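Notes to accompany the following structure.
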Amino acid sequence: MSIIYTPEKKLFTLHTAGSTWQMKVGRYGHLLHAYYGKKVEDMDLSCLIREMNRGFCGVPYEAGEERGYSLDTLPQEYPAFGVGDYRTACLHAVHEDGSQAAELRYVSHRIYDGRYQLPGLPSVRASRTETQTLEILLRDKSSELEVVLYYGVLEQADVITRACRIQNRGKTPIRLLRALSCCVDLPDGNMDLITFHGRHAMERNVQRTRIPHGRLSAGSTRGTSSHQSNPFVILCDPDAGEDWGNCCGMTFVYSGNFLAEAETDQTDQTRIVMGIHPDGFCWTLEEGDTFVTPEVILTFRPDGLGPLSRTLHDLYREHLIPRRFLEKRRPILLNNWEVTEFDFTEEKLLSLAESAAGLGMELFVMDDGWFGERNHDKSGLGDWTANRAKLPSGLRGFSEKLRNLSMKFGIWIEPEMVNEDSALFRAHPDWCLQVPGRSPNLERCQLVLDLSRQNVRDYLFDCISKVLDESQASYVKWDMNRNLSDVWSAALPASRQGEVSHRYVLGLYELMERLTGTYPDILWEGCSGGGGRFDAGILCYMPQIWCSDNTDAVERTRIQYGTSFGYPICAVGAHVSAGINQQTGRQVPLETRAEVAMAGTFGYEMDVQRLDASEQEQVRRQIQNYIRFEHIIRLGDYYRLTSPDTDETLAAWQFVAKDRTESLVSIVALHPKANPPFRRIRLKGLEEHAVYRIDGEDQVWKGSALMYAGLPVPPLWGDYQSCHFYIRRL
Ligand code: DGJ
């Protein structure tokens with residue numbers, strides 16, 4: 001049993017393979033948090049819930065003179081605003097009389113095998129035997145507002161998931177100004193929060209901050225999870241590192257506005273909450289209505305950030321990314337974007353594809369520019385029919401010609417957007433998000449279609465289906481090139497406008513579900529100007545996401561490093577691009593560009609017709625190598641061997657097959673030095689006593705030697721050289 005209820009103590013204990021979560025119904029009915037951490041044998045840990053009169057900390061009315069029983073200091077499972085807890089809260093409800101209060105108390109609970117359902121939202125998948133659910137019903141002491149807390153325990157996967165359902169059982173409306181998904185209250189202060197910040201073309205930089213008194217938050221109000229922040233954070237001990245220390249990952253399975261907010265409270269306890277960002281959010285629950293929050297995945301590891309990442313990587317592969325994509329190798333593609341941008345003809349693309357096929361590539365992706373009057377980024381978005389001036393054979397004819405070259409066909413779409421200069425906008429100007437009487441904020445000359453509207457989604461489903469039927473595409477890149485602003489829907493009344501951002505995301509998920517469900521054999525890649533929507537929500541529908549528009553291999557080592565904390569390598573879209581990088585002008589050797597792209601879903605985005613004979617040979621070899629190692633990359637364990645924050649000269653990472661019989665180590669020199677110090681890299685994840693041989697070398701190594709003594713790094717002379725080692729157990 002992974003969920004245990006001890007009735008005489010009103011105690012709930014949740015066990016995963018390596019962690020324990022415990023909570024207790026307090027003597028006045030509040031659901032109090034007792035423990036989250038490394039697995040402990042069954043025991044009542046509610047002694048950790050301590051009470052002391054702290055002064056200026058009120059108590060619930062019935063607690064009277066028990067001045068230590070204060071919601072302001074007690075650790076809670078789902079804290080609410082307005083009733084004496086002044087820390088960051090999960091719930092902020094406004095009643096019809098204008099009062100802003102909710103004092104949630106335990107009513108009942110239910111434990112069952114299998115998963116809870118979150119209608120319309122993506123979430124972790126698991127069979128009845130893999131998971132148990134605990135539902136706890138809480139009710140506001142003085143109104144008909146109810147909250148059902150969901151706890152999903154995936155014992156073997158070693159994670160707990162949380163979400164909740166908020167319902168109005170009364171007759172008068174209730175407005176929710178905050179409806180977050182989860183709170184973790186820990187008794188210790190002095191903890192670190194690791195967040196992943198960035199910007200377009202430089203996503204997921206790692207930032208580690210001591211959680212201060214006062215609030216520290218990461219979040220997005222951009223309508224998407226965003227380049228600037230990522231809905232994954234890690235709460236950890238200050239001394240936690242790659243291979244040691246307590247750490248807790250929190251992943252929000254959501255692609256829109258989010259908030260992860262932490263604080264050290266007045267008595268040095270730590271609280272962190274996660275959910276939909278409250279800025280601009282207001283959701284009205286009429287009589288009988290329900291609001292369901294997106295899911296948070298909680299992962300606890302006592303042994304460091306590396307194991308935390310690997311637990312998450314396994315979870316994504318087993319329980320989140322649709323399974324059908326994990327079972328086979330993804331095709332090696334050529335994408336024309338960095339080669340031609342909008343300026344191409346069918347002839348040009350076919351000749352590129354032919355050269356690519358000759359080098360061993362398997363899929364040709366026609367990126368932006370193939371439809372409507374899309375000759376630049378100022379027009380055409382929304383008009384999803386082939387531009388016959390560029391593609392005289394149409395989508396059907398073009399893809400047939402590709403297949404004759406033994407190339408599969410992949411296509412780019414950006415369904416959520418419209419240019420003002422498009423037939424779609426001219427026909428339906430009210431279909432986009434914009435505020436009447438205000439000129440909308442433009443980004444890349446485009447506006448966002450109002451996906452909260454069923455008719456807009458139906459239209460998109462129909463026209464994208466036509467594109468897919470006609471083109472027989474086997475791959476789709478779903479792009480999204482701006483943030484939401486002027487969020488106002490012509491289809492909703494004034495009182496409901498605070499719902500639009502979330503309704504947009506629900507609409508997006510419905511459309512993704514319909515399209516990916518109707519075309520299950522297509523390989524889908526998410527994208528938002530690179531990694532502007534790199535999140536667990538998208539990965540429930542699409543197995544991979546274009547990691548960044550920055551294809552500079554050196555910068556990519558940092559971006560992919562940051563991404564690897566929360567996301568598996570098999571989800572990371574990565575391509576080999578031109579010798580002189582388009583974004584930075586940096587020149588990186590072809591070998592190194594491929595080395596870095598191999599830590600992802602490998603492909604090319606360069607003019608392969610400009611390669612000389614020796615470069616062509618290199619590309620052929622790279623493709624063979626990738627095919628040889630791909631199973632370890634897709635299915636194996638990933639180890640970060642260096643950190644860009646502490647190592648300016650090398651970037652190194654390692655894949656190890658699950659059975660530890662094979663491993664691939666990649667090393668990239670970031671900064672050549674004169675008269676350099678010798679370097680060795682200590683490997684990880686091998687079997688200590690097993691004997692390994694490095695491909696191409698005679699010497700054999702014990703696993704312990706490779707891991708503790710380390711592998712000597714060969715001299716890497718010149719800019720950004722790289723090497724890899726393939727290691728096999730004998
Ligand atoms: C942004 C994407 O990230 C690029 O790869 C490319 O598809 C462009 N959009 C096309 O407009």
Side-chain angles (χ1 to χ4, degrees), residues 198-206 332-335 337-339 359 361 527 529-531 534 544-564 567 569-608 610-611 614-616 618-623 625-626 629-630 633 638 640-645 647-655 664-673 681 713-714 716-725:
R199 57 183 182 277
H200 175 237
M202 203 60 227
E203 298 89 340
R204 291 172 294 286
N205 300 278
V206 182
I332 293 164
L333 62 79
L334 177 77
N335 179 306
W337 177 248
E338 287 202 11
V339 188
L359 295 169
M361 298 178 204
C527 176
F534 205 114
Q544 60 192 60
I545 300 175
W546 181 227
C547 182
S548 178
D549 272 351
N550 188 342
T551 56
D552 175 324
V554 172
E555 302 244 278
R556 269 292 183 118
T557 58
R558 182 181 274 273
I559 298 169
Q560 293 176 192
Y561 167 85
T563 305
S564 76
Y567 302 95
I569 307 310
C570 65
V572 171
H575 298 167
V576 180
S577 63
I580 300 184
N581 185 262
Q582 204 180 68
Q583 292 83 28
T584 60
R586 194 192 322 252
Q587 275 181 276
V588 176
L590 181 53
E591 226 42 270
T592 301
R593 283 177 268 146
E595 199 63 54
V596 175
M598 281 216 297
T601 64
F602 190 70
Y604 289 79
E605 191 155 340
M606 64 195 294
D607 190 346
V608 287
R610 290 182 174 222
L611 298 174
S614 101
E615 289 170 326
Q616 288 178 17
Q618 277 189 62
V619 167
R620 281 200 192 88
R621 221 180 26 249
Q622 290 166 358
I623 290 174
N625 269 340
Y626 185 69
F629 302 137
E630 184 274 341
I633 298 169
Y638 177 78
R640 294 177 286 269
L641 301 181
T642 57
S643 152
D645 298 321
D647 200 330
E648 56 156 3
T649 54
L650 290 183
W653 57 91
Q654 183 189 1
F655 297 95
L664 179 71
V665 181
S666 297
I667 302 175
V668 174
L670 299 173
H671 200 98
K673 298 255 187 213
I681 292 277
V713 176
L716 294 166
W717 194 84
D719 267 347
Y720 317 119
Q721 298 296 316
S722 63
C723 59
H724 64 244
F725 297 91

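Small disclaimer: the values here were computed from a predicted structure and weren't measured.
Taken from CG in N625 to NE2 in H724, the straight-line distance is 4.5 Å, to the nearest 0.5 Å. Note that CG of L611 and OH of Y604 are 9.0 Å apart. Values are rounded to the nearest 0.5 Å. The CG atom of N205 lies 7.5 Å from the CD1 atom of I559; values are rounded to the nearest 0.5 Å. With rounding to the nearest 0.5 Å, the separation of OH in Y567 from CD1 in I545 is 7.5 Å. The structure places CG of L650 at 7.0 Å from CG of L716, a figure rounded to the nearest 0.5 Å. With rounding to the nearest 0.5 angstrom, the CD atom of Q582 is 10.5 Å from the CG atom of N550.
Checked against side-chain contact (heavy atoms from CB on, under 4.5 Å), T642 has the following partners two or more places apart in sequence or in another chain: D647, A651, A652, I681. Partners of C570 under the side-chain contact (heavy atoms from CB on, under 4.5 Å) rule, at least two apart in sequence or in another chain, are R317, I321, L326, R330, P568, R634. R586 is linked by a side-chain contact (heavy atoms from CB on, under 4.5 Å) to D552, V554, E555, T584, V588, Y720, counting only residues two or more places apart in sequence or in another chain. Among residues two or more places apart in sequence or in another chain, the side-chain hydrogen bond (donor to acceptor under 3.5 Å, both in side chains) test is passed with R556 by Q560. Contacts of T557 classified as side-chain hydrogen bond (donor to acceptor under 3.5 Å, both in side chains), with partners at least two apart in sequence or in another chain: none. In this structure E591 satisfies the salt bridge (Lys or Arg N to Asp or Glu O under 4.0 Å) test together with R621, sequence neighbours excluded. The side-chain hydrogen bond (donor to acceptor under 3.5 Å, both in side chains) search around E648 returns K673, not counting sequence neighbours. Residues passing the side-chain contact (heavy atoms from CB on, under 4.5 Å) test with V665, sequence neighbours excluded: L641, Q654, S663, I667, L683, F725, I727. In this view, Y561 and S643 satisfy the side-chain hydrogen bond (donor to acceptor under 3.5 Å, both in side chains) rule, not counting sequence neighbours. With sequence neighbours left out, the salt bridge (Lys or Arg N to Asp or Glu O under 4.0 Å) criterion links R620 to E617.
Of the possible donor and acceptor atoms, one in the side chain of Q583 sits under 3.5 Å from a partner among the backbone N and O of T551. Judged purely by atom type and a 3.5 angstrom limit, R204 uses its side chain to pair as donor or acceptor with the backbone of G531.
In terms of heavy-atom proximity, P714 sits nearest to C723 at CG-SG, 4.0 Å. Closest approach of M606 and A578 over heavy atoms only: CB-N, 3.9 Å. Taking both residues in full, the closest heavy atoms of D719 and P672 are given as OD1-CG, 3.5 Å, listed atom of the first, atom of the second, then distance. Contact detail for A599 and W653: the closest heavy-atom pair is CB-NE1, 3.6 Å. Pairing each heavy atom of A597 with each of A574, the nearest pair is O-CB, 3.6 Å. Across every non-hydrogen atom of G562 and V206, the tightest pair is CA-CG2, 3.9 Å.
Put simply, the side chain of F655 does not reach to within 4.5 Å of the side chain of M598, judged on heavy atoms. Taking 4.5 Å as the limit, every side-chain heavy atom of E203 sits out of range of all side-chain heavy atoms of C547.
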| task | List the steps and the verdict of side-chain contact (heavy atoms from CB on, under 4.5 Å) for R593 and V668. | result | CA-CA 10 Å; R593 283 177 268 146; V668 174; over 6 Å; no

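The side-chain contact (heavy atoms from CB on, under 4.5 Å) with F602 is formed by just one residue from the set H575, Q622, E630; it is Q622.
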